[in-house]
Amino acid sequence: MSATPSQGQPPRKPDVPRRVRHGIKFRRKEGLQGLPWFAKAFVDAVEGRAALGGRVMGMEYALSGQAASFGVDAGFVEALVQGRAPRPYAVKLSLPHLSKEQWVEVVQAMAREAVFAAKLLVGEMPADIEEPFAACRTALLPREPAELKVECTCGEKLPCKHAVAVTCLLAERLEVDPLALFALRGLPGQTLLERLQEARTVHTTGVTQSHQSPQLPTQKAQLPPLEACLDDFWRPGRKLADFERQIGRAHV
């Protein structure tokens, strides 16, 4: 005989996550189809290691807006994803950062070709962006799935559905903001552009032209001693009347 619920007992709530007001939703109508290659690399790195149920539930979490916060800051992807627990889980995705010396080398390699600065300035990811990184014996995208570190406070086997949801949001962000990809390696996109433009100027015009130093006077002006100027120091000189300023009519 099957047990019947006692009278007055509230019905059991379905095993679903708690809803988030104004949660961050995945809004691509095409889903994960047609993502740019550099954004798809992160989806493959996480979904390739996740179980089938985690992949399905992760996309459902992303579509329903279970992420209470999401951001790419200081070289990490950090998010809060609400599950069935009272408090949301903290999810973190990260890649090994390039050292300062590696970034200097990469920027110098990118500065040799105008296409990198030209495309990045208009928000496009160059198709051969990995070439200057490869020339410096490193990479921009994860070379293997395990290089992308996944952390979550849910306690489930990683990558969990919460991490999959965050990866979907990351892929959508990279599609509209490719510069965020460089932050995952430790250098904010805007800082990269500034360094790249400076390196391009040095590369095309030379250091002396891009960093002109002010010329110092070779001779000191012959001025009377201050003691001899005390009586007339605060009085305008006769030369003041020689200044005439003709204000021209502004062109409209």
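Note that these values count all heavy atoms, side chains included, but never hydrogens, waters or copies made by symmetry.
Among pairs with a residue in residues 100-118, those fulfilling salt bridge (Lys or Arg N to Asp or Glu O under 4.0 Å) read Glu105-Arg137, at least two apart in sequence or across chains.
In this structure, Gln66 CD and Leu169 CG are separated by 11.0 Å, a value rounded to the nearest 0.5 Å. For the atom pair CZ of Arg18 and CZ of Arg87, the computed distance is 11.5 Å after rounding to the nearest 0.5 Å. A distance of 13.0 Å separates CG in Asp44 from CH2 in Trp37, rounded to the nearest 0.5 Å. The CZ atom of Arg27 sits 14.5 Å away from atom SG of Cys168, with the distance rounded to the nearest 0.5 Å. Interatomic distance, CG of Leu187 versus CG of Leu181, reported as 11.5 Å (0.5 Å rounding).
Nearest heavy-atom pair, Leu95 versus Pro142, reported as atom, atom and distance to 0.1 Å: CD2-CB, 3.9 Å. The shortest heavy-atom contact between Leu158 and Cys152 is CD2-CB, 3.9 Å. The two residues Ala79 and Val166 make their nearest non-hydrogen contact at CB-CG2, 3.7 Å. Closest of all the heavy-atom pairs between Tyr89 and Thr153 is CA-OG1, 3.4 Å. Shortest non-hydrogen contact noted between Gly186 and Trp103 is C-NE1, 4.2 Å. Considering every non-hydrogen atom in both Ala39 and Ala171, the closest pair reads CB-O, 3.6 Å.
Remark: Arg21 engages no residue in a side-chain contact (heavy atoms from CB on, under 4.5 Å) (not counting sequence neighbours). With sequence neighbours excluded, no residue forms a salt bridge (Lys or Arg N to Asp or Glu O under 4.0 Å) with Asp177. In terms of the side chain to side chain donor-acceptor pair (under 3.5 Å) criterion, residue partners of Glu147 (sequence neighbours excluded) are, by chain and number, Arg185. Listed by chain and number, the residues in a side-chain contact (heavy atoms from CB on, under 4.5 Å) with Pro188 are Thr191 (sequence neighbours excluded). Here Glu47 pairs with Leu32, Val43, Arg55, Val164 under the side-chain contact (heavy atoms from CB on, under 4.5 Å) rule; sequence neighbours left out. Residues that satisfy the side chain to side chain donor-acceptor pair (under 3.5 Å) test with Glu175, not counting sequence neighbours, are Arg28. For Ser69, the side-chain contact (heavy atoms from CB on, under 4.5 Å) partners at least two apart in sequence or on another chain are Leu80. Listed by chain and number, the residues in a side chain to side chain donor-acceptor pair (under 3.5 Å) with Glu156 are Lys161 (sequence neighbours excluded).
Val20 and Leu170 are members of different hydrophobic clusters when ILVMFWY side chains are connected at heavy-atom separations under 4.5 Å. With hydrophobic clusters built from ILVMFWY side chains whose heavy atoms lie under 4.5 angstrom apart, Val104 does not share a cluster with Leu193.
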Run the side-chain donor-acceptor check on residues 57-64: report pairs under 3.5 Å with partners two or more places apart or on a different chain.
| from | atom 1 | to | atom 2 | distance (Å) |
| --- | --- | --- | --- | --- |
| Ser64 | OG | Glu60 | O | 2.8 |
| Ser64 | OG | Tyr61 | O | 3.3 |

Side-chain polar contacts of residues 116-136 - donor-acceptor pairs under 3.5 angstrom, sequence neighbours left out - could you list them?
| from | atom 1 | to | atom 2 | distance (Å) |
| --- | --- | --- | --- | --- |
| Lys119 | NZ | Glu124 | OE1 | 3.4 |
| Glu130 | OE1 | Leu140 | N | 3.0 |
| Glu130 | OE2 | Leu140 | N | 3.4 |
| Glu130 | OE2 | Leu141 | N | 2.9 |

Side chain to side chain contact (heavy atoms under 4.5 Å, CB included), that's the test. Do Val72 and Leu184 meet it? Break it down for me. CA-CA 8 Å; Val72 183; Leu184 294 176; 4.1 Å; yes
Checking side chain to side chain contact (heavy atoms under 4.5 Å, CB included) for the pair Phe76/His97: CA distance, chi angles, key distance, verdict? CA-CA 10 Å; Phe76 302 98; His97 292 183; 4.2 Å; yes
Starting from the C-alpha separation in whole Å, work towards a yes-or-no answer on side chain to side chain contact (heavy atoms under 4.5 Å, CB included) for Leu93 and Glu78. CA-CA 7 Å; Leu93 308 178; Glu78 295 180 316; over 6 Å; no
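The backbone N or O of Ala111 sits less than 3.5 Å from a side-chain atom of Arg200, completing a donor-acceptor pair.
Within a 6.0 Å sphere centred on CZ of Arg49, heavy atoms belonging to other residues, nucleotides or ligands number more than 12. Other residues, nucleotides and ligands contribute only 12 or fewer heavy atoms inside 6.0 Å of the CD atom of Gln33. Applying the 6.0 Å contact sphere to CZ of Arg143 captures more than 12 heavy atoms from other residues, nucleotides or ligands.
Here the side chains of Val77 and Phe42 are not in contact, with every heavy-atom distance at 4.5 Å or above.
Taking a 4.5 Å side-chain heavy-atom cut-off between Ile, Leu, Val, Met, Phe, Trp and Tyr, the cluster of Val56 extends to Leu52.
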